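For clarity, every value in this text was computed on a predicted model and none was experimentally measured. Just so you know, these numbers use all the heavy atoms, side chains as well, and skip hydrogens, waters and symmetry mates. Every number for a ligand or one of its atoms is a count from 1 in the order of the listing.
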Amino acid sequence: MVLTALVLLISIACGSARLVDSIHAINESSYDFVVVGAGTAGNVLVNRLTANPNVSVLVIESGENDDGVEGLIVPFLAPDNLSNTSLIWNYTTVPQTALDNRTLAYQRGRVLGGSSSINFMFYTRGPRADFDRFANFSGDEGWSWDSVFPFMLEDEDLVPPVDGHDTAGEFNPAVHGTSGPIQTTLTGTSFPTDSLILQTTSVNSTAFPFNIDVNSGDPLGISWVQTDTGGGIRHSSAVGYLHPVLTRVNLEVIANAHVTRLLNIKSRQEPDMRGVAFYSRSGFVVYARKEVILAAGAINTPQLLMLSGIGPSAELESLGITPVIDSPAVGQHMQDHPLFAVVWSSPNSSFTLDASLRNTTFVADALEEWVTSKTGLFSGVGTNLFGWFRFPPSSNIFSEFKDPAAGPTAPHVEIIFNALQNQFRSFAQPIPDKGSYLTATLAVSSPASRGSVKLTSSNPFTFPAIDPGFLTHPYDLAAMIEAIHIADDFFSQSPWADLQLLPFGAFANATTDDLLASMIRSEVTTFWHPCCTARMGANSDSSAVVDSNLLVKGVNGLRVVDASVMASLTAHLQAPVYAIAERGAALVKLAWDI
Ligand SMILES: Cc1cc2nc3c(=O)[nH]c(=O)nc-3n(C[C@H](O)[C@H](O)[C@H](O)COP(=O)(O)OP(=O)(O)OC[C@H]3O[C@@H](n4cnc5c(N)ncnc54)[C@H](O)[C@@H]3O)c2cc1C
Ligand SMILES: *[C@@H]1O[C@H](CO)[C@@H](O)[C@H](O)[C@H]1NC(C)=O
Ligand SMILES: *[C@@H]1O[C@H](CO)[C@@H](O)[C@H](O)[C@H]1NC(C)=O
Ligand SMILES: *[C@@H]1O[C@H](CO)[C@@H](O)[C@H](O)[C@H]1NC(C)=O
Ligand SMILES: *[C@@H]1O[C@H](CO)[C@@H](O)[C@H](O)[C@H]1NC(C)=O
Ligand SMILES: *[C@@H]1O[C@H](CO)[C@@H](O)[C@H](O)[C@H]1NC(C)=O
Ligand SMILES: *[C@@H]1O[C@H](CO)[C@@H](O)[C@H](O)[C@H]1NC(C)=O
Ligand SMILES: *[C@@H]1O[C@H](CO)[C@@H](O)[C@H](O)[C@H]1NC(C)=O
Ligand SMILES: *[C@@H]1O[C@H](CO)[C@@H](O)[C@H](O)[C@H]1NC(C)=O
Ligand SMILES: *[C@@H]1O[C@H](CO)[C@@H](O)[C@H](O)[C@H]1NC(C)=O
Ligand SMILES: *[C@@H]1O[C@H](CO)[C@@H](O)[C@H](O)[C@H]1NC(C)=O
Ligand SMILES: *[C@@H]1O[C@H](CO)[C@@H](O)[C@H](O)[C@H]1NC(C)=O
């Protein structure tokens with residue numbers, strides 16, 4: 001083990017001049033806590049731990065400062081606008097065997113705030129049953145919905161929508177936080193389809209019930225979306241948790257610095273992983289007096305564990321990495337939501353924004369409105385209403401498959417009724433230059449497929465092999481077909497009659513389930529929700545990487561707090577990650593009596 005004298009880094013002034021203004025260069029060789037990754041989860045730890053002035057924290061982030069970065073400014077445009085910039089990890093999956101061997105772009109945030117700086121900003125906590133499954137899986141009631149719920153409130157500050165509309169009946173204030181760092185909101189623009197979606201919930205509340213609040217623990221039905229766009233701007237973890245505390249003298253943030261591995265600082269006895277090697281123009285080492293907290297996300301956390309010798313020993317040895325402990329589950333059990341879209345065309349342009357969105361003056365005006373007042377089309381996420389559904393009793397899918405959903409209140413599928421993309425949204429076809437369209441974006445909520453993250457090299461800068469395993473379990477394909485049927489039923493309800501909707505494009509030709517299946521295989525993409533690659537579990541469970549306190553099993557001084565530790569997939573991940581990180585911070589404080 002490398003136990004070299006430390007290199008001190010006063011001169012590091014890391015990469016970008018902008019950083020020096022707000023984030024001072026590191027000045028110590030050891031800190032109480034070293035957090036790896038200033039992403040969604042990492043910044044929660046940083047904020048909560050440095051609230052105690054006696055605790056020193058260094059956070060090391062591979063990406064740059066997000067503050068003022070042009071490509072991040074218009075929140076809704078960021079995910080699409082960043083695909084070829086240094087602000088993302090431009091990962092690609094391995095060929096997906098159940099998707100005609102296609103490879104998929106698999107971007108993650110690589111900037112302060114991590115993926116919360118570049119995502120679509122939906123704020124969804126998921127169903128009660130999913131957290132209760134975490135508790136069951138880890139054997140720790142502390143992960144049940146009821147135990148995690150107070151932490152969910154801690155991250156949130158629900159603020160009125162930017163258009164100031166009356167939100168009575170659109171959410172339940174009793175299930176929201178009002179003093180946390182992340183400003184959430186209902187969206188502040190209306191779309192022509194909103195009233196039709198709501199009418200559908202009243203003409204057929206059996207199949208399509210209205211649900212007043214998607215974040216109560218019961219997400220079933222159709223709800224108004226809640227997003228982290230309070231005041232019309234993106235509230236990433238950097239905006240909410242990190243920038244406001246940069247003045248704390250017990251915190252240091254180093255950006256443009258890439259952690260290459262953790263070092264075992266005890267050559268005998270139980271391994272102790274409190275050394276952190278990182279690269280920022282040259283190599284450095286720092287030490288944690290209390291803990292290293294890995295928060296590098298569901299791809300990079302297992303990669304770093306394996307680079308550090310914690311993983312499947314035989315695989316690590318074959319790459320020339322000396323194992324520290326054999327932990328076969330590192331990188332395994334990966335889950336992500338398969339995402340798919342179906343499109344209908346309408347001869348009636350009164351309900352869709354396609355014509356407006358083709359009008360460059362309209363779009364420029366809308367952008368200008370956002371720039372000047374943070375209102376209008378670009379203040380939101382392009383969607384106002386969405387739904388989570390269980391398969392109807394008429395479906396016979398469970399005569400063939402075991403139900404992978406966590407319980408009778410957990411959804412099978414999610415349908416987003418894209419309004420901004422009433423306009424067309426397809427993952428396969430270009431946007432047509434004429435016509436009016438409705439799109440249903442569909443996801444399988446509890447997929448049965450599992451994938452993996454594996455090292456391909458001992459070089460920390462080589463991307464790992466990412467295999468979400470999309471649709472490798474036949475349930476997921478069957479579930480996606482059912483999702484299409486539910487969306488089709490939805491748009492067949494009476495409120496949609498005037499639109500005279502017709503299936504469009506490849507969907508028009510897919511007149512049988514077999515044809516739908518091949519369309520799905522040729523178009524499914526990622527919802528960017530990887531998780532579970534260092535999952536939590538009971539101490540006796542060798543398929544778990546961390547225990548229920550999120551400590552890495554078999555070593556000392558190392559905790560994981562990010563989407564990797566989830567026992568199974570739930571919701572869109574950022575709100576669950578905030579809740580896990582808030583509880584993670586509480587566990588750290590408890591462990592060290594701070
Ligand atoms: C395009 C896109 C859209 C999405 N839309 C939504 C949405 O609308 N709603 C929602 O809830 N979720 C959404 N998600 C998912 C959600 O944003 C993520 O699942 C969540 O933010 C992950 O949090 P994390 O803390 O686990 O990882 P991240 O936030 O990704 O943080 C990991 C951090 O660690 C840093 N890092 C990694 N490796 C190293 C290293 N070796 N050294 C130093 N630093 C390192 C990374 O650069 C990054 O900053 C979306 C994701 C994407 C990519
Ligand atoms: C910080 O440490 C000092 C000295 O040990 C102690 O008096 C003080 O209470 C501590 N503060 C906090 C917030 O723990
Ligand atoms: C898109 O990104 C580029 C470069 O990152 C930036 O210059 C541009 O302003 C961004 N556009 C929008 C609309 O955010
Ligand atoms: C990505 O950016 C590089 C250099 O900035 C450029 O050469 C390349 O064409 C771009 N690729 C895409 C797909 O935009
Ligand atoms: C990722 O981006 C880098 C430069 O930022 C480029 O060299 C590389 O080709 C890109 N890889 C993929 C898979 O797009
Ligand atoms: C996918 O690739 C594998 C391995 O190369 C091959 O055996 C298989 O036939 C391919 N499948 C399709 C649908 O192309
Ligand atoms: C999880 O639930 C199952 C089924 O009720 C039960 O058999 C199992 O013991 C539970 N596991 C834990 C760790 O509580
Ligand atoms: C870094 O150095 C400054 C100036 O000496 C000091 O005030 C600060 O507490 C140090 N930071 C940490 C985290 O030790
Ligand atoms: C479009 O819908 C509107 C509103 O329901 C209706 O008045 C109009 O007749 C429809 N037009 C067409 C062409 O169907
Ligand atoms: C384009 O949008 C502008 C601004 O909303 C509007 O004034 C104009 O009439 C639109 N043009 C067309 C062809 O619809
Ligand atoms: C509600 O929709 C479902 C699915 O299309 C259908 O079976 C049912 O008959 C509808 N109920 C009413 C009252 O329209
Ligand atoms: C639909 O099928 C017809 C007849 O086979 C074919 O000409 C057309 O290209 C198909 N359309 C799409 C979008 O696949």
Sole residue of R133, R535, Q335 in side chain to side chain donor-acceptor pair (under 3.5 Å) with S568 |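 With S568 as partner, side chain to side chain donor-acceptor pair (under 3.5 Å) holds for just one option, R133.
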
Say whether [X] and [Y], considering side chains only, have a donor N or O and an acceptor N or O under 3.5 Å apart.
X	Y	result
T184	E156	yes
D100	S522	no
N90	R110	no

List, pair by pair, the atoms of ligand 9 and of the protein that are both N or O and lie under 3.5 Å apart, giving the separation rounded to 0.1 Å.
| from | atom 1 | to | atom 2 | distance (Å) |
| --- | --- | --- | --- | --- |
| ligand 9 | 2 (O) | N348 | ND2 | 2.3 |
| ligand 9 | 5 (O) | D498 | OD2 | 2.4 |
| ligand 9 | 11 (N) | N348 | ND2 | 2.8 |
| ligand 9 | 14 (O) | N348 | ND2 | 3.3 |
| ligand 9 | 14 (O) | Q500 | NE2 | 3.1 |

Are any of the side-chain heavy atoms of P432 and F504 separated by less than 4.5 Å?
->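 Yes; the side chains approach each other to less than 4.5 Å.
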
Sub-6.0 Å ring centroid separation between [X] and [Y]:
X	Y	value
W370	F76	no
Y578	Y241	yes
H412	F398	yes

For A506, the ligand 12 atoms whose distance to one of its heavy atoms is below 4.0 Å |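 Listed by number with element, the hits are 13 (C).
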
At a 4.0 Å threshold, what atoms of ligand 12 neighbour a non-hydrogen atom of G505?
->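 Counting from 1, the qualifying ligand atoms are 13 (C).
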
Just which atoms of ligand 10 are under 4.0 Å from any heavy atom in D365?
->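 Checking each atom against D365, I get 4 (C).
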
Interfacing atoms of ligand 10 (cut-off 4.0 Å, heavy-atom, F362) =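 Matching atoms, with element in brackets: 2 (O), 5 (O).
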
Nitrogen or oxygen atoms of N359 and ligand 10 under 3.5 Å apart =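 In this structure, N359 places an N or O atom under 3.5 Å from an N or O of ligand 10.
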
